[in-house]
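Data first, discussion second: the structure below is written as structure tokens.
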Amino acid sequence: METVYIAHVGEHEGKEVEIRGWLYNKRSSGSVVFLIVRDGTGFIQAVVAKGQVPEEGFAACDRLTQESSLVVRGAVRADRRAPGGYEILVSAVEPVSIAEEYPISLKEHGVDFLMDHRHLWLRTPRQVAIMRVRNEIVKAIRDFLDDREFVLVDAPILTPSACEGTTTLFETDYFDTRAYLTQSGQLYMEAAAMAFGKVYCFGPTFRAEKSKTRRHLMEFWMVEPEMAWVDLDGDMRLQEEMVSYVVQRVLEERAKDLATIERDTSKLEKVKPPFPRISYDEAVEILRRHGVEFEWGNDFGGGDETILAEEFDRPVFVHRYPTVCKAFYMKPDPNRADVCLSADLLAPEGYGEIIGGGQRIDDADLLARRVEEHRLPAEAYRWYMDLRRYGSCPHSGFGLGIERTVAWICGLDHVRETIPFPRLLNRIYP
RNA sequence: UCCCUGGUAGCUCAAUGGUAGAGCGGCCGGCUGUUAACCGGUAGGUUGCAGGUUCGAGUCCUGCCCGGGGAGCCA
């Protein structure tokens, strides 16, 4: 008899199979017991009829509690009444481990309770679907970049200095000196781009900001491509192609999971290049037209981003931000020194900024001035300055936040459900 | 850090200042096609903590603790 995953039972119609999994739910009509079994790939109803299984197997069903692990064997049968299209006519039931009273019921629960039980919450159909979509997004990003001859270069997680500022870093002791958990791999990717041409890193990043919103995690994952000999326009072209590719691939490969989450996919289907591009100045005009009092030079807030995104049916680029509100390494627009060659990508439906990127300063003298202006420790950036001393060239890149992208594609109202074990303000358990 | 809001059974929630309750889950029993099954029975409480007002506080007041939503900052 073959042991199969529930996702593949349809390939064994009429045959006896073995399924190993956990009891999701149980219903009974006296001498017929319905076991709803899950195995991580899907759910299936196993029908246990008295007289058709050994007496001890039927009696075992009585002892099976929610989330007990078990093995069932039986014939696969197509049934119109079954949600997955198939059910198992059980010939044998073997409890493996009887679960204690399970805290998570099939009814509703509050956020606090679920977060405290994240290790168990992860088993529920909705969470499984979200994590499978996340997995597909990660795979799609990597396939997209690998197919275009980008080289994956891992950036360090322990770093000697801040990438963009010192207020938001987690600090740790590094023998007798200080080290910080990385907030971005970008500076290292600039070094790698000079070695390989086109590179990206993919890993966790950390921000110690005391942010408590639906868009923030203390620990989140970013993919950060960096390209030598590419300007801001080329940077944006790559971004819109990548984001479109990822969305279309999730629509193709994970339609079932999106249905489980009850995502309205009609809005995702429109996500195809080209994406609209507006300048910061145009964005400010749009905001003012909507009655927002906005001062030139400020960065946009969450509400502002939503207003801007609602003007379009797909993600929108906002480019050429004021130099004052962006990081020290952003290259000034040669035609206008007060704005820089940066671009953020705002997701539709109020999900906000999912990408921040731009063209980097390639001139050694200007970069040195900026390090000084931002009062950064020159010593710590000496290696970074070297990149402009030894064959500098125009280069650009961007960082895409995985969790915000997952939240947008899944249509979730909080990023805490987009990562297996979220680290939130004042919450590091489990 | 600031603003708003909440904390009652394992969970989700009721309870006009006047006897702390329901559904789900648990346990016991019933039912041969159930779809968060259903039906009957049953156990389960320091109402977040500490004070105060009152004849009487889950309810009103003060302080603290913890959660949720939002702002700033950001991806």
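Worth saying up front: this structure is predicted, and the values here are computed from it rather than measured. These values consider heavy atoms only, across backbone and side chains, with no hydrogens, waters or symmetry-generated copies. Numbered from 1 within each chain, the chains take letters A, B, ... in sequence-line order.
Within 4.0 Å of A/R77, counting heavy atoms only, lies at least one base atom of the nucleic acid. Using a 4.0 Å heavy-atom cutoff across all strands shown, A/E87 reaches at least one base atom of the nucleic acid. Residue A/R416 is classed as a sugar-phosphate contact, given heavy-atom separations below 4.0 Å to backbone atoms only. When heavy atoms are screened at a 4.0 angstrom cut-off, A/E403 is found touching no nucleic acid atom at all. Residue-level contact check: A/S28 touches the bases, meaning some heavy atom is under 4.0 Å from a base atom. Base contact: A/K210 has a heavy atom under 4.0 Å from a base atom. Among the heavy atoms of the strands, none lies under 4.0 Å from A/I402. Using a 4.0 Å heavy-atom cutoff across all strands shown, A/D299 reaches sugar-phosphate atoms only and no base atom.
When the P atom is used for both B/C11 and B/G63, the distance is 29 Å, rounded to whole Å. Nucleotides B/U59 and B/G41 are separated by 33 Å at their P atoms, to the nearest Å. Here the separation of B/A14 from B/A22, taken at their C1' atoms, is 7 Å to the nearest Å. Rounded to whole Å, the C1' atom of B/G25 lies 33 Å from the corresponding atom of B/G17. Nucleotides B/U8 and B/C60, compared at atom P, are 15 Å apart to the nearest Å. Using atom C1' as the reference point in both B/G69 and B/A20, the two lie 30 Å apart (nearest Å). Straight-line distance between the P atoms of B/A57 and B/C2: roughly 34 Å, to the nearest whole Å.
Rounded to whole angstrom, the span from the CD atom of A/E224 across to the P atom of B/C74 amounts to 16 Å. Atom pair A/E219:CD and B/A75:C1' shows a separation of 14 Å (rounding to whole Å applied). Atom CE in A/M218 sits about 14 Å away from atom P in B/A75, given to the nearest Å. To the nearest angstrom, P of B/U1 lies 10 Å from CG of A/L425. Following rounding to the nearest Å, A/I104 (CD1) and B/G26 (P) show an atom-to-atom distance of 14 Å. Atom pair A/M330:CE and B/C74:P shows a separation of 11 Å (rounding to whole Å applied). Distance A/D304 CG to B/C73 C1': 13 Å, rounded to the nearest Å. For A/Q45 and B/G33, the CD to P distance is 13 Å, given to the nearest whole Å.
For A/E305, the side-chain atoms get nearest to B/C74 when compared with the rest of B/A75, B/C74, B/G72. The listed nucleotides are B/G67, B/A75, B/G33; the one nearest the side chain of A/D112 is B/G67. Side-chain proximity of A/S31 to the nucleotides B/U34, B/U32, B/A75 is greatest for B/U32.
In this structure, A/Y381 has its ring center at least 6.0 angstrom away from the ring center of A/Y329.
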Could you go over nucleotides 2-11 of chain B and give all protein N or O partners under 3.5 Å, atom names and distances?
residue : atom : partner : partner atom : Å
B/C11   : O2'  : A/E108  : O            : 3.4
B/C11   : O2'  : A/H109  : ND1          : 2.5

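For A/K326 and A/D344, the salt-bridge test passes: some basic side-chain N is under 4.0 Å from an acidic carboxylate O.
Residues meeting the salt bridge (Lys or Arg N to Asp or Glu O under 4.0 Å) test with A/D313, sequence neighbours left out: none. By the side-chain contact (heavy atoms from CB on, under 4.5 Å) test, A/M194 is found to be paired with A/C393, A/H395, residues two or more places apart in sequence or in another chain being considered. Applying the salt bridge (Lys or Arg N to Asp or Glu O under 4.0 Å) rule to A/D112 yields the partners A/R427; only residues at least two apart in sequence or on another chain are considered. Shown here are the ring-ring contact (aromatic ring centres under 6.0 Å, His included) partners of A/H414, two or more places apart in sequence or in another chain: there are none. Taking the salt bridge (Lys or Arg N to Asp or Glu O under 4.0 Å) definition, one finds that A/E13 meets it with nothing, sequence neighbours left out. Here A/H117 pairs with A/F113 under the ring-ring contact (aromatic ring centres under 6.0 Å, His included) rule; sequence neighbours left out.
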Pair up each side-chain donor or acceptor in residues 297-306 of chain A with any protein partner under 3.5 Å, not counting sequence neighbours, and list the distances.
residue : atom : partner : partner atom : Å
A/D304  : OD2  : A/G301  : N            : 2.9
A/E305  : OE1  : A/E353  : N            : 3.3
A/T306  : OG1  : A/G302  : O            : 3.1

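Within a heavy-atom distance below 4.0 Å of RNA chain B, the residues of residues 404-414 of chain A found are A/R404, A/H414.
Under the side-chain hydrogen bond (donor to acceptor under 3.5 Å, both in side chains) criterion, the residue pairs touching residues 402-412 of chain A are A/R134-A/E403, with sequence neighbours excluded. Pairs passing the salt bridge (charged side-chain N to carboxylate O under 4.0 Å, His left out) check and including a residue from residues 28-48 of chain A, sequence neighbours excluded, read A/R38-A/E67.
Applying the 5.5 angstrom centroid cut-off and the 30 degree plane-angle cut-off, the aromatic ring of A/F34 is not stacked upon the base of B/G33.
The environment of A/Y5 atom OH is sparse: at most 12 non-hydrogen atoms of other residues, nucleotides or ligands sit within 6.0 angstrom.
Between A/H119 and A/Y429, the ring planes lie perpendicular to each other; the angle is over 60°, past the 30° to 60° tilted range.
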Pairs counted as Watson-Crick or G-U wobble with both distances under 3.5 Å: what dot-bracket string results for RNA chain B, using | for bases tied to another strand? (((((((..((((....[..)))).(((((.......))))).....(((((..]....))))))))))))....
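The cationic atom of A/R148 (NZ for Lys, CZ for Arg) lies less than 6.0 Å from the six-membered ring centre of A/F144 and within 45° of the ring axis.
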